[in-house]
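Here is the naming used below: chain letters follow the sequence lines, and residue numbers restart at 1 for every chain. Values in this document were obtained by computation on a predicted structure and should not be read as measured data.
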Amino acid sequence: MAEYSPKEIEKKWQAKWEEEKIFEAADFSKKSKFFVLDMFPYPSGEGLHVGHPRGYIGTDVIAHYMRMKGHNVLHPMGWDAFGLPAENYAIKTGVHPAVSTEKNIKRFKEQMKLIGLSYDWSREINTTDPDYYKWTQWIFLLLFERGLAYQETLPINWCPSCKTGLANEEVVAGKCERCGAEVTKKNIKQWVLKITDYAEALLEGLNELDWPEKIKEMQRNWIGKSEGAEIQFPISNSQFSIKVFTTRPDTIFGATFMVLAPEHELVEKIVTPEQSSQVEEYREKTKIKMDIERQLEDKKKTGVFTGAYAINPANRKEIPIYIADYVLPSYGYGAIMAVPAHDERDFAFAKKYNLPIEEIELDKTAKQATKWLEKKGCAKPAINYKLRDWIFSRQRYWGEPIPLVFCPECKKRVENSKIPRPQRFASELARVAMRAGKPKSNPKSKFKIQNLEFNLGEILNPGWVALPEEELPLTLPALEKYEPTGTGEPPLAQAKDWVETICPKCGGKAIRETNTMPQWAGSCWYFLAYIMLGEQNQKAKIQKLNSKFKIQNSRLIKYWLPVDFYVGGAEHAVLHLLYSRFWTKVLSDAKMINFDEPFLKLQTIGLILAPDGQKMSKSRGNVINPDEIIEKYGADTFRIYEMFMGPFDQPIAWEPKGINGARRFLQKVWEIFEKSQISNLKSQINSNVKNPNIQKEMHRTIKKVSEDIEQMKFNTAVASMMEFVNEVQSPRSKVQSQRLEDFLKILAPFAPHISEEMWSMLGHKESIFKEKWPKYDPKIIIENEVNLVIQINGKVRGTIIVPTGLSEKEAVNLALKSEKIQKWFTPLDSKHLTGREDKKIQKTIFVKNKLINFVVE
RNA sequence: GCUGGGAUGGCGAAAUUGGCAAACGCACUGGGUUUAGGACCCAGCGGGGCAACCCUUGAGAGUUCGAAUCUCUCUCCCAGCACCA
């Protein structure tokens, strides 16, 4: 008997699959398509640990299953390779990020291949490849020309350690998502994408998606829609009035004072001379305070009176106007009507500053109150979103260059022209104001000034000129030093030759934008890139990407997209998943694609923790490397164990000894198979080895495994295969190899190598993955006998084996005859006497094929 | 504080969705095999009890012939958000 030695057979089959390209997807096919996608990784220098492949193995099982079910499956992999670690490494060592990235990718790919994942490597993508980021830049320009990108000086989240700005989504509990440093504020000119225009579309789109409720809810919270009213409060003895947003206009009679954010633009206009020094001091203090501090101060309320009063439009009462940092400039209008009787924070503030608390409310719902106020001419219904626009600039080197130049001459042209700039870009406060959340579906795209054509982005951002498509990709220049300056000036500013250029529009002197795009840019559209890479050789691939992408609603896009099944970590709930939905909607509005949601079904993965229950990390020294596990146990064992450990979407600690069970299982499979080879020979002499039990068990297992795979319940799928093997292995079973063929097919997605090996040992020439997924016969599964449970007053008192489909009458007869049951009605000995004599059956409950319950008194 | 998800043997977990709680696996115990260790095989493995039986799904109540599953109250844990007007 041959030993089971995974190392040899795994190497052999991996080579064969690659050589025969059996996992490459065909563009177009009569088969129905199925696009199953993993969130592509950032190829870090640390390589994969045993946690990463959990998702990849899960999608691999799905991919194999769907192929065998007769679908044309697209299952690609690529690299999200822009990002800080490569750049930080470059700063330390001088090695160009492209060089270290390439090395890391090679390592990742090797590790993935060791696991035997069935990716279509002919479609591999890499976001840092200029032929890839050409299109990231191209899409950025599409957003720009549609008026969805604008530049503004903003107090942005600034990570002093990474020396770069961060998006709101990248700030976690006041700390940098990447390095954990405290985030501060810095005023920097930034490119910002108007994701807020899509707030409503992003919110509504969630309803149709088959995503975990948790992720949808996180996105809903992030978008943060609230409905209410905007109300004008005139300021006494002044031309100004304060606009507030409230969800409770019905509480307006209880509004006894007003609070403005210290940053509010009206503050300097209304403050009285007596109060101005105090107010100024408070505003200065607030400026230095960061958001985090505001939060950490245990929500203690501070504020200063402005000296001014507003008039409550509901009752014409004069109420004082305060500034306080508990009112945020970035939400609503940065101003509130304070209703201390109703709102905790207002209450705390009122207590502290001795302001009146009045419990008077309108006897109306919020909606009715809005109407009532609307009639008085001081309010209108309003919707507000928490969602902020997406700060898109990074002051770093290793990212996509932003394909814009700044031309002073063109700036004059735009500013001197009479084309009006839309008001909404006038100020920050206006920027965050309420809006319907709906973009113009077809923004006017061309404006002529002095015979030069300007697009909407160029009008909105005077002086900024888009690179023409022919000049893409705008590649990153070589640098000697990657260190950020720390002043906010990006490293690219040092590349003088690169920065100084000519304006593609007017030919005048111009300078390039030196900020780069954030890490999320490349992943916003990568699912499209896999489709564009449909051809078989590398050069043709890139050409195809270059030539076909613009084709509106190309056949390829229509065939493959959207993604049918997407698997990845929940940590991307409001970053990648929101951003790529946004870009997809823009591409859809621009008629580049014919769908507006990229991922129809989403499944999240539970983290695999180190045996100590901690997150695996190099610094903790608790990393378990898949290479070592595979070296010791084989890839199939590794795959089985990863799927068997526990529910797919729940976190779980790696249990070093647990993997033994998976190995034993495959060992048994191996041995049973070899035995069956022998018994198969015997069967030619004695054909009387058919075993109906095994057949039934087989069909039942096929059913269970099929259903479980479809529900991502891999742990119970493996468990049921283990049960089958235990059954087959037990001495009372004799097995024909015929029956085992189906078993190999259902095992194959989980343990592809051993399955292929045994399949070929059975004499098959073709790969097992060319086989059809076995069907189970429901008739075979039906039992002709069932174990009928007999209960008395709901307690199990015995079971009887009865023919399937037994009627109630017969069942009752049989049950009452059973000795075990009878003793509960008739006293047998003194010990049983107590309370048991003269039992009368009050009621009988009968569930066909399941149980019979006698209710006795 | 708000939102979402949880709590079942020593551990990871199952439970056809209201019908035999603990499948499958890990660990453990006893035995076999072995020079020894490992590997492997057999048996056992929620608690109590010699047994008949009794008890057991975070706590308590309820609905029901019957509850891990449904309802209510509470406790604790995990995740996300958080001065969002």
In the structure shown, which nucleotide is the Watson-Crick or G-U wobble counterpart of [N], with both distances under 3.5 Å?
{"N": "rC26(B)", "value": "rG10(B)"}
{"N": "rU63(B)", "value": "none"}
{"N": "rU34(B)", "value": "none"}
{"N": "rC2(B)", "value": "rG80(B)"}
{"N": "rA15(B)", "value": "none"}

Glu217(A) side chain, from C-beta outward: closest of rA85(B), rC83(B), rG4(B):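 Output: rG4(B).
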Selection from rC53(B), rA85(B), rG19(B) that lies nearest to any side-chain heavy atom of Val327(A):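 Side chain of Val327(A) sits closest to rA85(B).
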Pair Glu808(A) + Lys848(A), salt bridge at N-O below 4.0 Å: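 Salt bridge flag = no for Lys848(A) with Glu808(A).
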Those residues of residues 700-714 of chain A lying under 4.0 Å from RNA chain B by at least one heavy atom: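 Of all residues in residues 700-714 of chain A, the ones placing a heavy atom under 4.0 Å from RNA chain B are Lys713(A).
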Looking at every strand, decide which applies to [X] at a 4.0 Å heavy-atom threshold: base, sugar-phosphate, or nothing.
{"X": "Lys386(A)", "value": "base"}
{"X": "Gln667(A)", "value": "nothing"}
{"X": "Pro647(A)", "value": "sugar-phosphate"}

Gln219(A) side chain near rG80(B) phosphate (N/O to OP1/OP2, under 4.0 Å):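 Looking at the OP1 and OP2 atoms of rG80(B), neither is under 4.0 Å from any side-chain N or O of Gln219(A).
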Side chain Arg220(A), main chain Leu203(A), donor-acceptor under 3.5 Å: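 Here the side-chain-to-backbone pair does not exist.
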Test item: Asn312(A) side-chain N/O and Phe253(A) main-chain N/O as donor-acceptor pair under 3.5 Å: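 Looks like no, no N/O pair under 3.5 Å.
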Aromatic ring pairing Tyr353(A)/Tyr322(A), orientation class (parallel under 30°, perpendicular over 60°, tilted between):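 Tyr353(A) vs Tyr322(A) ring planes: tilted.
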Parallel, tilted or perpendicular: ring planes of Tyr579(A) versus Trp390(A), cut at 30 and 60 degrees: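 Parallel: the ring planes of Tyr579(A) and Trp390(A) meet at under 30°.
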Intermediate values then yes/no, side chain to side chain contact (heavy atoms under 4.5 Å, CB included), Phe233(A) and Lys243(A): CA-CA 6 Å; Phe233(A) 283 71; Lys243(A) 206 195 261 183; over 6 Å; no
Matching residue for Ile252(A) among Val339(A), Ile231(A), Thr370(A) - test: side-chain contact (heavy atoms from CB on, under 4.5 Å):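 Exactly one option meets the side-chain contact (heavy atoms from CB on, under 4.5 Å) with Ile252(A), and it is Ile231(A).
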Side chain to side chain donor-acceptor pair (under 3.5 Å) between Lys216(A) and Asn207(A), intermediate numbers included: CA-CA 8 Å; Lys216(A) 290 208 230 180; Asn207(A) 297 332; 6.0 Å; no
Looking only at atom [atom1], what distance separates [N] and [M], rounded to whole Å?
{"N": "rC24(B)", "M": "rU35(B)", "atom1": "C1'", "value": "37 Å"}
{"N": "rA61(B)", "M": "rG9(B)", "atom1": "C1'", "value": "26 Å"}
{"N": "rA36(B)", "M": "rG31(B)", "atom1": "P", "value": "14 Å"}
{"N": "rC54(B)", "M": "rC2(B)", "atom1": "P", "value": "45 Å"}
{"N": "rC11(B)", "M": "rU63(B)", "atom1": "P", "value": "34 Å"}
{"N": "rG62(B)", "M": "rG12(B)", "atom1": "P", "value": "32 Å"}
{"N": "rC76(B)", "M": "rU64(B)", "atom1": "C1'", "value": "29 Å"}
{"N": "rC45(B)", "M": "rU33(B)", "atom1": "P", "value": "24 Å"}

Of Lys795(A) and Arg248(A), the one whose closest RNA chain B nucleotide lies more 5':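 That would be Lys795(A).
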First encountered from the 5' end of RNA chain B, between Lys850(A) and Ile336(A):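 Between the two, 5'-proximity favours Lys850(A).
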rG9(B), syn or anti by chi within 90 degrees of zero: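 Classified syn.
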Taking N or O atoms only and anything under 3.5 Å, show me the protein contacts with nucleotides 20-29 of chain B, one pair per line.
| from | atom 1 | to | atom 2 | distance (Å) |
| --- | --- | --- | --- | --- |
| rC20(B) | N4 | Asn787(A) | ND2 | 3.1 |
| rA23(B) | O2' | Glu723(A) | OE1 | 3.3 |
| rA23(B) | O2' | Glu723(A) | OE2 | 3.4 |
| rG25(B) | OP1 | Asn726(A) | ND2 | 3.1 |
| rC26(B) | OP1 | Arg664(A) | NH1 | 2.3 |

No-hydrogen, no-angle side-chain donor-acceptor test under 3.5 Å, Thr256(A) and Glu358(A):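 Thr256(A) vs Glu358(A): no donor-acceptor pair found between side chains.
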Audit row: Met39(A), Leu577(A), side chain to side chain contact (heavy atoms under 4.5 Å, CB included) steps and yes/no: CA-CA 10 Å; Met39(A) 288 185 187; Leu577(A) 286 170; 4.2 Å; yes
Heavy-atom donor-acceptor pair, Asn853(A) side-chain to rC65(B) base, under 3.5 Å: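 Such a pair is found, so the answer is yes.
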Sole residue of Tyr633(A), Phe750(A), Trp654(A), Phe714(A) in ring-ring contact (aromatic ring centres under 6.0 Å, His included) with Tyr641(A):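 Only one option passes, and that is Trp654(A).
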